[in-house]
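These notes are about the structure you will find just below.
Bear in mind the structure is a predicted one, so any value in this text is a computation, not a measurement. Residue numbers start at 1 and run along the sequence shown.
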Amino acid sequence: MPTTRGDGVRALIIDDARAMRSILKRIVQPLGFEIHEAANGREALDHLEAADEVPDLALVDWNMPEMNGLDFIKAVRGDQRYRGMSLMMVTTESENHQVVRALAAGAHEYVIKPFPPTAIVEKLVLLGLIPAEGEAAAA
């Protein structure tokens with residue numbers, strides 16, 4: 001397991017299922033992320049508006065009431081204030097055209113549920129949010 005990146009790295013977990021938010025929190029919190037949660041895209045946008053600092057990462061479900069994950073990604077990508085935030089879609093939507101839509105809208109990575117915890121960790125390494133094991137050992 002990679003070492004933590006350090007204090008001050010923030011993640012916003014957006015999923016209408018409390019259990020899934022808890023699973024994702026258990027994966028990323030030990031990696032050094034400060035966690036915030038939202039139950040849908042609208043709540044997540046409200047959180048971003050009220051936050052002092054933009055999260056480094058948002059883990060976004062697709063299917064949620066009020067505002068789905070795709071609409072959240074489009075809204076975030078349309079606002080320059082959030083251009084530095086990495087977006088990872090974490091969803092049951094597995095059709096190729098859905099993956100293409102999410103990536104075209106501005107998601108950086110896509111993980112299909114169910115997934116092993118290592119899938120999230122590997123994507124975080126790809127995004128440069130945590131070091132790879134070899135990089136951490138060399139540091």
(request) With sequence neighbours left out, write down each residue that passes side-chain hydrogen bond (donor to acceptor under 3.5 Å, both in side chains) with Thr92, or none if nothing qualifies. (result) none
(request) To the nearest 0.5 Å, tell me how far Lys113 NZ sits from Ile23 CD1. (result) 8.5 Å
(request) For the residue pair Leu57 and Leu59, establish whether any side-chain heavy-atom pair is separated by less than 4.5 Å. (result) yes
(request) Only counting residues at least two apart or in another chain, list the ones meeting side-chain hydrogen bond (donor to acceptor under 3.5 Å, both in side chains) with Arg101. (result) Gln98
(message) Going by the rule side-chain hydrogen bond (donor to acceptor under 3.5 Å, both in side chains), which residues pair with Arg18 if we only count those two or more places apart in sequence or in a different chain?
(response) none
(message) Once side-chain hydrogen bond (donor to acceptor under 3.5 Å, both in side chains) is applied, do any residues pair with Glu95, and if so which ones, sequence neighbours excluded?
(response) none
(request) Would you mind reporting whether Arg42 and Asp71 have side-chain heavy atoms less than 4.5 Å apart? (result) no
(request) Would you indicate whether the side-chain heavy atoms of Ile130 and Leu31 approach each other to under 4.5 Å? (result) yes
(message) Could you tell me if the side chain of Glu37 sits less than 4.5 Å from the side chain of Ile35, heavy atoms only?
(response) yes
(request) Quick one: name the residues clustered hydrophobically with Met89, using the 4.5 Å side-chain heavy-atom rule over I, L, V, M, F, W, Y, and just say none if it's on its own. (result) Leu12, Ile14, Leu45, Leu48, Val54, Val60, Trp62, Met64, Met67, Leu70, Phe72, Ile73, Val76, Tyr82, Met85, Leu87, Val99, Leu103, Tyr110, Ile112
(request) Step by step, work out the side chain to side chain contact (heavy atoms under 4.5 Å, CB included) result for Val111 and Met88. (result) CA-CA 7 Å; Val111 178; Met88 186 186 311; 3.8 Å; yes
(message) If hydrophobic residues (ILVMFWY) are linked whenever their side-chain heavy atoms come closer than 4.5 Å, directly or via other members, who joins Val100 in its cluster?
(response) none
(message) Closer than 4.0 angstrom, basic N to acidic O: yes or no for Asp15 and Arg21?
(response) no
(message) Can you tell me how far apart NZ (Lys25) and CE (Met20) are? Round to the nearest 0.5 Å.
(response) 15.0 Å
(message) Quick test of your reading of the model: are Lys74 and Asp79 salt-bridged, counting only N-O distances below 4.0 Å?
(response) no
(request) Could you tell me whether the side chain of Ser86 reaches within less than 4.5 Å of the side chain of Asp56, counting heavy atoms only? (result) no
(message) Once rounded to the nearest 0.5 Å, what's the spacing between atom NE2 of His108 and atom CG of Leu126?
(response) 12.0 Å
(message) Distance check, rounded to the nearest 0.5 Å: Arg10 atom CZ versus Asp52 atom CG?
(response) 10.0 Å
(message) Phe115 vs Leu24, test: side chain to side chain contact (heavy atoms under 4.5 Å, CB included). Steps then yes/no.
(response) CA-CA 11 Å; Phe115 54 84; Leu24 289 168; 3.7 Å; yes
(request) Could you tell me whether the side chain of Asn68 reaches within less than 4.5 Å of the side chain of Asn63, counting heavy atoms only? (result) no
(message) Contact between Ile13 and His36 at the side-chain level, heavy atoms closer than 4.5 Å - yes or no?
(response) no
(request) For Glu49 and His47, run side-chain hydrogen bond (donor to acceptor under 3.5 Å, both in side chains): C-alpha distance rounded to whole Å, both residues' side-chain angles, the deciding distance at 0.1 Å, then the answer. (result) CA-CA 5 Å; Glu49 285 291 327; His47 171 81; over 6 Å; no
